[in-house]
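Working notes for the structure below.
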Amino acid sequence: MRIPDLNDLIADLQTAKQIAIDDRNPNAIVTATMSQAKLLGMDNMRDVTPNSNGLGYIPELTPEAALAISKRLDEEY
């Protein structure tokens with residue numbers, strides 16, 4: 001039995017996400033998306049650009065950017 005690699009896990013989560021989309025289950029979509037982000041190391045990314053109070057901030061994710069990310073994951077996996 002072969003141990004799944006990162007591509008296998010991402011592909012499985014993409015399949016799960018598509019099933020969640022088809023079933024119109026937003027909680028499962030978020031769970032699959034967050035699981036993909038965690039595997040890719042994107043769950044702890046922060047923009048540390050200082051703002052006026054000297055603390056870093058997390059820039060807002062626009063709907064267009066979210067859609068582009070989702071489409072890219074669909075294409076790649």
Side-chain angles (χ1 to χ4, degrees):
M1 179 176 159
R2 181 177 76 81
I3 296 175
D5 63 14
L6 179 61
N7 286 332
D8 296 330
L9 297 173
I10 293 293
D12 289 346
L13 286 167
Q14 190 63 28
T15 299
K17 188 166 109 177
Q18 188 58 53
I19 292 167
I21 291 168
D22 294 343
D23 290 345
R24 302 179 64 84
N25 184 342
N27 289 333
I29 296 168
V30 170
T31 299
T33 302
M34 287 303 301
S35 297
Q36 288 175 321
K38 286 179 181 181
L39 284 174
L40 296 171
M42 299 171 70
D43 59 323
N44 290 319
M45 294 175 65
R46 300 286 187 263
D47 182 347
V48 293
T49 305
N51 60 19
S52 60
N53 65 6
L55 301 175
Y57 70 96
I58 302 170
E60 192 172 312
L61 181 64
T62 65
E64 294 81 14
L67 181 60
I69 292 167
S70 180
K71 284 181 179 180
R72 184 165 178 191
L73 285 170
D74 285 342
E75 291 168 2
E76 291 182 13
Y77 303 101

Under a 4.5 Å cut-off applied to non-hydrogen side-chain atoms, are Gln18 and Ile21 in contact?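 Yes, their side chains come closer than 4.5 Å.
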Are the side chains of Asn27 and Val30 in touch, meaning some heavy atoms are under 4.5 Å apart?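 No. Closest side-chain heavy atoms not under 4.5 Å.
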Do [X] and [Y] sit in the same hydrophobic cluster, where Ile, Leu, Val, Met, Phe, Trp and Tyr count as joined when their side-chain heavy atoms come under 4.5 Å apart?
{"X": "Leu39", "Y": "Ile69", "result": "yes"}
{"X": "Leu9", "Y": "Met42", "result": "yes"}
{"X": "Leu73", "Y": "Leu13", "result": "yes"}

With rounding to the nearest 0.5 angstrom, report the [atom1] to [atom2] distance, [X] to [Y].
{"X": "Ile29", "Y": "Ser70", "atom1": "CD1", "atom2": "OG", "value": "9.0 Å"}
{"X": "Thr33", "Y": "Gln14", "atom1": "OG1", "atom2": "CD", "value": "7.5 Å"}
{"X": "Leu6", "Y": "Leu40", "atom1": "CG", "atom2": "CG", "value": "6.0 Å"}
{"X": "Asn7", "Y": "Asp12", "atom1": "CG", "atom2": "CG", "value": "11.0 Å"}

Report yes or no: does Ser35 contribute a side-chain atom to a donor-acceptor pair with the main-chain N or O of Thr31 at less than 3.5 Å?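 Checked: pair present.
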Search all heavy atoms of Ile10 against all heavy atoms of Gln36 and return the closest pair with its distance.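 Smallest interatomic distance, heavy atoms only, reads O-NE2, 3.5 Å.
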